[in-house]
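The sequence lines fix the lettering, A, B, ..., with proteins before strands; numbering per chain opens at 1. We use all heavy atoms of the structure for the numbers below, so side chains are in, but hydrogens, waters and symmetry mates are not.
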Number of protein chains: 2
Amino acid sequence: MRQPAGRSARRTGGERKPREERWAELIEVATQVFYEKGYEAASLQDIADRLGMLKGSLYYYIQSKEDLLFDVISAVHREGLSVIQARADTEGDPLQRLENVIVGHVEHTCRNLVPTTVFLHELSALPPERRQEVLGSEHAYQGVFRGLIELAQKEGLVRADVDPRLAALSVLGATNWVYRWFRPGGEFTPEKIGAQMAEMVIRGIASEKVLSARVAGQA
Amino acid sequence: MRQPAGRSARRTGGERKPREERWAELIEVATQVFYEKGYEAASLQDIADRLGMLKGSLYYYIQSKEDLLFDVISAVHREGLSVIQARADTEGDPLQRLENVIVGHVEHTCRNLVPTTVFLHELSALPPERRQEVLGSEHAYQGVFRGLIELAQKEGLVRADVDPRLAALSVLGATNWVYRWFRPGGEFTPEKIGAQMAEMVIRGIASEKVLSARVAGQA
DNA sequence: CCTACCGATCGGTAGG
DNA sequence: CCTACCGATCGGTAGG
């Protein structure tokens, strides 16, 4: 995040790692510890122990425990957002793109279960300003879903009585909730979950026009 | 929970309340404090202060901080479950009952936002055995949704390619997520949220048969 | 002055 | 319920 330029001094043990590598390890370990214990219950001692470092030495890398949480959360949010934005910008009608976004979001969640869990569960542990800094004042994530639904509605692909914001929040709920029950190697693969959720959602909001076209297309 | 018979010692202020009443106040205050700060970040000192009591005196009522969390969580879970079970057992076809359950669940969540938030957010702070004690080994909550979907599927009201467990988890996700964004007095009423979510879900999983009957019924 | 930490301890607070 | 505390550990910082 900030630390000084790595002007390597005399090395003592020979095992000293470059600061960028060590920083990456720190973030990885912090993510894991926050996942296992929750942010508040996790101690810097836990993290330092796993790194083979003394607790106080963490302050060479950070200024506060909160810095670690912020970093974990903003990284996974940034990645997830870029995944769904890329899929939202593909070709196809807005409903096809929404389907694509849902699948991508679910698969990203399943494949990044640990950091995603920290993001979704510990976001509330950040002070409001930093929380907003992560999410963006426009709620970028929610906006991608809502934007596609609004577009689809204007094109007559979504029923007129659907509220796009409420629909977006429903979709986000169903898909985000996956972090609470998905287990790798379990009954459901990320692909299966993504596909069924997308299907449910599209059918749930689609206009008659779209539905009859679907039936015709499948028959 | 267990505490000794109210052997009133010397009364100083003359304002001593009966222990049951005081217990209810304690649970209410604890719920609020856990809601505001999160369970781990909340201290017994916070709770004692709001009750006008010393921290150590809380141990006249409880044996551990965890007891308070367990009580808050199991109470709201029990109430919510009874709401949806009652609605699941009404008359009508399974799909109509599912709709009824969804509406009831959403409305209960919105009207009990504080304890529900503690339940959904802090369940993971309970040790596994007590967590299981609350949820039941059969996952009673999820089971109500899944059971109705399975029944509806057997009657041909739900598409054959829908996995009832995945569908139940999707519905629970969309509806539970409400605790993250619902604000009393905001744009959406509990009724509106419940109604639209139920509509989306039913259309999302219903068979062609049901959908064409719906269209005919509304026309 | 710097890097890369260490050993020790700060003021407070946790559950009990 | 209060008074008077405990063992330990919390996040964070000191000088070297």
Please report, rounded to the nearest Å, how far the [atom2] atom of [N] is from the [atom1] atom of [X].
| X | N | atom1 | atom2 | value |
| --- | --- | --- | --- | --- |
| A:M53 | C:dC5 | CE | P | 6 Å |
| B:L68 | C:dG15 | CG | P | 10 Å |
| B:Y61 | C:dG16 | OH | C1' | 18 Å |
| B:L54 | C:dG15 | CG | P | 15 Å |
| B:D67 | C:dG16 | CG | P | 9 Å |
| B:W23 | D:dC1 | CH2 | P | 14 Å |

Of all residues at least two apart in sequence or in a different chain, which pass the side-chain contact (heavy atoms from CB on, under 4.5 Å) check with [X]?
| X | result |
| --- | --- |
| B:S124 | A:H121 |
| A:S82 | none |
| B:A195 | none |

Considering only the [atom1] atoms, how many Å lie between [N] and [M], rounded to the nearest integer?
| N | M | atom1 | answer |
| --- | --- | --- | --- |
| C:dC5 | D:dG15 | C1' | 13 Å |
| C:dG12 | D:dA8 | P | 22 Å |
| D:dG11 | C:dT9 | C1' | 13 Å |

Q. At what distance, to the nearest 0.5 angstrom, does CZ of B:R87 lie from CZ of B:R97?
A.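 Atom-to-atom, B:R87:CZ and B:R97:CZ are 14.0 Å apart.
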Q: Check B:W177 against A:L169 and note the closest heavy-atom contact, atom names and distance.
A: CD1-O, 4.0 Å
Q. Looking at side-chain heavy atoms only, is the closest gap between A:I102 and A:F145 below 4.5 Å?
A.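 Yes - at least one pair of side-chain heavy atoms lies under 4.5 Å apart.
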Show me the protein contacts with nucleotides 8-12 of chain D, counting only N or O atoms at under 3.5 Å.
unit_1 : atom_1 : unit_2 : atom_2 : d
D:dC10 : OP1    : A:S43  : OG     : 3.3
D:dG11 : OP1    : A:A42  : O      : 3.1
D:dG11 : OP1    : A:K65  : NZ     : 2.9
D:dG11 : OP2    : A:L44  : N      : 3.1
D:dG11 : N7     : A:K55  : NZ     : 3.0
D:dG11 : O6     : A:K55  : NZ     : 3.1
D:dG12 : OP2    : A:Y59  : OH     : 2.8
D:dG12 : OP2    : A:K65  : N      : 2.7
D:dG12 : O5'    : A:Y59  : OH     : 3.2
D:dG12 : O6     : A:K55  : NZ     : 3.2

(Q) Donor-acceptor pair, distance only, cut-off 3.5 Å: does the side chain of A:R131 make one with the backbone of A:L126? (A)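 Yes; at least one donor-acceptor contact below 3.5 Å.
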(Q) Pairs counted only when both distances fall under 3.5 Å, Watson-Crick or G-U: show me the 5' to 3' dot-bracket for DNA chain D, [ ] for pseudoknotted crossings and | for other-strand partners. (A) ....||.|..|...|.
Q: Identify, with sequence neighbours excluded, every residue that meets salt bridge (Lys or Arg N to Asp or Glu O under 4.0 Å) alongside B:R165.
A: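 A:E187.
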Q. Within 45° of the six-membered ring axis of B:Y59 and under 6.0 Å from that ring's centre, is NZ or CZ of B:K65 located there?
A.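 Verdict for B:Y59: no cation-pi partner in B:K65.
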